[in-house]
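The next block holds one structure in the form of structure tokens; read it before the comments.
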Amino acid sequence: SLSRMITDLTGRIGRKAVLIAHASDMPRALRIAGSHRDAISDVVVFDAQRRQSADGVRVHFMSSGWPTLLGVVELPKLLRNIGIELIAPARSN
């Protein structure tokens, strides 16, 4: 499950995670972030027409109306301001 993956990943790296979601998954992402405040520091939401918050978690919105490609191009700038480290998932051979 996603909850187990978040717990395993953050335990392994020793840092909180940042969730990235599309507006259609915003309620789920905020619910997960709210219940994992010890493991998730921020949520980034693409194309949100309405804004919501989650207790104890910073929420960042990539403006609605932007083409998805432009949002993906701008995402690294936002992530640098959050101060994260990108980690590639482990590959299985």
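FYI, the numbering just counts along the sequence from 1. All values reported here derive from a predicted model rather than from experimental measurement. Below, each value reflects all heavy atoms present in this structure, side chains not excepted, and no hydrogens, waters or symmetry copies.
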| query | Between Ala39 and Thr10, which heavy-atom pair has the shortest distance, and what is it? | reply | O-CG2, 3.3 Å

| field | Non-hydrogen side-chain atoms of Leu2 and Arg28 separated by less than 4.5 Å | value | yes

| query | Can you name the side chain to side chain donor-acceptor pair (under 3.5 Å) partners of Arg58, sequence neighbours left out? | reply | Asp42

| query | What heavy-atom pair brings Ala29 and Val43 nearest, and what distance separates the two atoms? | reply | CB-CG1, 4.2 Å

| said: Are Leu19 and Ile6 packed together at the side-chain level, in the sense that at least one heavy-atom pair is separated by less than 4.5 angstrom? | reply: yes

| query | Where is the tightest heavy-atom contact between Ile40 and Lys16, given as atom of each residue plus distance? | reply | C-CD, 4.1 Å

| said: I need the Thr7 OG1 to Asp38 CG distance, nearest 0.5 Å. | reply: 7.0 Å

| said: To the closest 0.5 Å, what do you measure between CZ (Arg4) and CG (Leu9)? | reply: 13.5 Å

